[in-house]
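The structure under discussion appears below in the form of structure tokens.
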Amino acid sequence: MNEDQKLDTSIIYDYQDYPDKESGRCDNCGSTHFNSSVKNYQFLRKCSNCGLTKSI
């Protein structure tokens with residue numbers, strides 16, 4: 001994936017396929033503030049700034 005390319009925030013990405021570029025930071029906006037939840041036995045991490053979601 002290109003550095004300038006933004007990720008689609010409507011998709012839930014798998015952390016194994018898309019690990020963080022910088023540990024603990026959102027790949028889209030660089031924020032460090034996340035909301036966490038559990039859905040269908042999956043731990044989800046959603047950026048509170050842009051909404052990018054990853055299944056951890």
Side-chain angles (χ1 to χ4, degrees):
M1 179 166 43
N2 189 337
E3 281 292 318
D4 298 329
Q5 188 177 12
K6 295 287 185 175
L7 296 172
D8 186 0
T9 57
S10 65
I11 298 172
I12 297 176
Y13 293 94
D14 191 331
Y15 190 82
Q16 289 181 343
D17 297 332
Y18 295 95
D20 293 342
K21 293 176 189 173
E22 276 188 61
S23 182
R25 293 197 170 269
C26 176
D27 292 339
N28 242 7
C29 67
S31 175
T32 58
H33 191 258
F34 297 96
N35 296 321
S36 302
S37 63
V38 176
K39 184 177 183 181
N40 295 330
Y41 302 102
Q42 288 184 322
F43 181 76
L44 300 176
R45 184 185 77 175
K46 182 175 185 178
C47 177
S48 59
N49 188 37
C50 71
L52 179 71
T53 306
K54 287 188 180 181
S55 172
I56 303 294

[X] [atom1] to [Y] [atom2] distance, which is reported to the nearest 0.5 Å:
{"X": "Lys46", "Y": "Ser55", "atom1": "NZ", "atom2": "OG", "answer": "14.5 Å"}
{"X": "Gln42", "Y": "Thr53", "atom1": "CD", "atom2": "OG1", "answer": "11.5 Å"}
{"X": "Asn28", "Y": "Tyr13", "atom1": "CG", "atom2": "OH", "answer": "8.0 Å"}
{"X": "Cys29", "Y": "Leu52", "atom1": "SG", "atom2": "CG", "answer": "8.0 Å"}

Looking at every non-hydrogen atom in both residues, tell me the closest pair between [X] and [Y] and how far apart they are.
{"X": "Ser10", "Y": "Asp8", "answer": "OG-OD1, 2.9 Å"}
{"X": "Asn35", "Y": "Ser48", "answer": "ND2-CB, 3.7 Å"}
{"X": "Asp27", "Y": "Leu7", "answer": "CB-CD1, 3.9 Å"}
{"X": "Leu44", "Y": "Lys39", "answer": "CD1-CB, 3.8 Å"}
{"X": "Gly30", "Y": "Arg25", "answer": "O-NH1, 2.6 Å"}
{"X": "Cys50", "Y": "Thr9", "answer": "O-CG2, 3.5 Å"}

Exercise. Are Ile12 and Ile56 linked, directly or through other ILVMFWY residues, by side chains that come within less than 4.5 angstrom of each other?
Worked result: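 No; tracing contacts between hydrophobic side chains, which count when under 4.5 Å, never links both residues.
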Problem set entry | Any residue meeting ring-ring contact (aromatic ring centres under 6.0 Å, His included) with Phe34, in chain and number order, not counting sequence neighbours |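 Testing Phe34 for ring-ring contact (aromatic ring centres under 6.0 Å, His included), a comparison that skips the adjacent residues, returns none.
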